[in-house]
Amino acid sequence: MKYIPEPFKIKMVEPIRLTTAQERREKIAAANYNNFGLHADDVYIDLLTDSGTNAMSNAQWSAMLTGDEAYSGGRSYYDLIGVAQEIFGYEWIQPVHQGRAAEKVLFPVLIGRPGQVVISNTFFDTTRAHVALANGRPIDCVCPEGLDSGLDAPFKGNMDNARLETLIAEHGDEVAGIVVTITNNSVGGQPVSMANMRETARIAAAHGIPLVIDAARFAENAYFIKAREAEFADATIAEIIREFFSYGDIFTMSAKKDAITNMGGLLGVREEGEHVPDVRSLVIAGEGYVTYGGLSGRDLAALAVGLREGMDEDYLRYRTGQVAYLAARLDEFGIPYQRPAGGHAVFVDAGKLLPHLPWHQYPGHALAVELYIEAGVRTCDIGSYLMDRDPATGQEQQAPLEFTRLAIPRRVYTQAHLDVIAEALGAIKERAGSVPGYEITWEPKVLRHFTATLRPLS
Ligand SMILES: *Cc1c(COP(=O)(O)O)cnc(C)c1O
């Protein structure tokens, strides 16, 4: 497969250091076999996440110098609100310090009674946690194709709308909200089609249920709609985004993804209604005054520029092309992954690559540790290790698939770096049978994968 050349040149570099395998064995043991515990200086290629790890442009850096640091009513705030209102068509836009901050102020307001359910095409881990912390019950409802990693389908992130109707019939008035995550991160950065979103919106409206877009990768999703949904072949990215958001009532967004910043988030409400005053009070109590929302003025300025840069079609072709190139290299080595490659990451199917490891020995995590030892490449588990215990029973929960996620930071790594990653996975495949499983030696109650400690099983 042809590598799509970068539509930019490099003006500033940051050295990275390759360690020896023996050093890495010591480092990962000292980090209690939790990749989040490693020092980044001991990592050669960091694919832990594409969140906040983006390289900003010269235009973003220069905008930062013009940031207005006024406590209230700053120019950078009004600039950002203007840009976001134009892109998304929503009346009320609130900056927050990152995506989970938007979730934290929204779900306690949306979930009126304890035990109400919120249904999503698949919750991202922080979104799931904030529904639970607000005493709601998160239910995943992805289309069946999304859970078949070997199947090539264009919109594997879609909501299973037939099952959504069944769930609504079952739970009646107890459905507090529906969340459409774009792209569907947890099933592999897979997109949601416009046709699917229209149907979800029709169902939500028919039952008077608020429809929330979890919009971290709104631009990559729009690019896939343009590339794969015939009706939109000639539409601009801006037109696709505008239409998609017109079907939602509210959006939460981590701006650390497609808005190409290092920190930031947004909350949007299409028609400023009953919920806004309550949400605003939580913002002021937790994030800071509404016109900065936990960010510096310079962060607001970089975000306003990044929102538009992230929608550039040449950039999106390169961006999704880079991920597709890595996937094509994995094909050469026969490494199984969620097909087709997602927008921001390749999700290696560690359950298939390491069939000797049962789910409760965390194959996705085991492969992540092995990849670090092999080549200094840091990744993370998106599988049963990531799943918190069932809050009601305290039991371990099996994820539908055991993935190791290779998340690609935006505008950071080159074609040669991607080759290093593919070759390292090829080498691990040769000795797959000797990769050990893991057990948890300590874990917190929620979001355990960030801080849990583990040990390899012999
Ligand atoms: C990253 C992410 C979030 C949370 O955003 P943060 O900025 O990390 O707090 C929520 N939803 C999705 C789909 C994400 O990818």
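Atoms within each ligand, like the ligands themselves, are counted from 1 in listed order.
Remark: Glu309 engages Arg411 in a salt bridge, criterion side-chain N to carboxylate O under 4.0 Å. Salt-bridge check for Arg410 with Asp258: passed, with a basic side-chain N closer than 4.0 Å to an acidic carboxylate O.
With sequence neighbours excluded, the residues that form a side-chain contact (heavy atoms from CB on, under 4.5 Å) with Phe123 are Val118, Ser120, Thr127, Arg128, Val131, Pro138, Asp140, Val179.
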I'd like the atom pairs linking ligand 1 to the protein - N or O on both sides, separation under 3.5 Å - with distances to 0.1 Å.
residue, atom, partner, partner atom, Å
ligand 1, 5 (O), Ser254, OG, 3.4
ligand 1, 7 (O), Gly99, N, 2.9
ligand 1, 7 (O), Ser254, OG, 2.7
ligand 1, 8 (O), Gln98, NE2, 3.4
ligand 1, 8 (O), Arg100, NH2, 2.9
ligand 1, 9 (O), Gln98, NE2, 2.8
ligand 1, 9 (O), Gly99, N, 3.3
ligand 1, 9 (O), Arg100, N, 2.8
ligand 1, 9 (O), Arg100, NE, 2.7
ligand 1, 11 (N), Asp214, OD1, 3.1
ligand 1, 11 (N), Asp214, OD2, 2.8
ligand 1, 15 (O), Asn185, ND2, 3.1
ligand 1, 15 (O), Arg217, NH1, 2.8
ligand 1, 15 (O), Lys257, NZ, 2.8

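With Phe124 as the aromatic partner, Lys257 meets the cation-pi criteria of under 6.0 angstrom to the ring centre and within 45 degrees of the ring axis.
The backbone N or O of Phe403 lies less than 3.5 Å from no partner atom in the side chain of Gln338, so there is not a single donor-acceptor pair. Not a single donor-acceptor pair under 3.5 Å links the side chain of Thr122 to the backbone N or O of Ser186.
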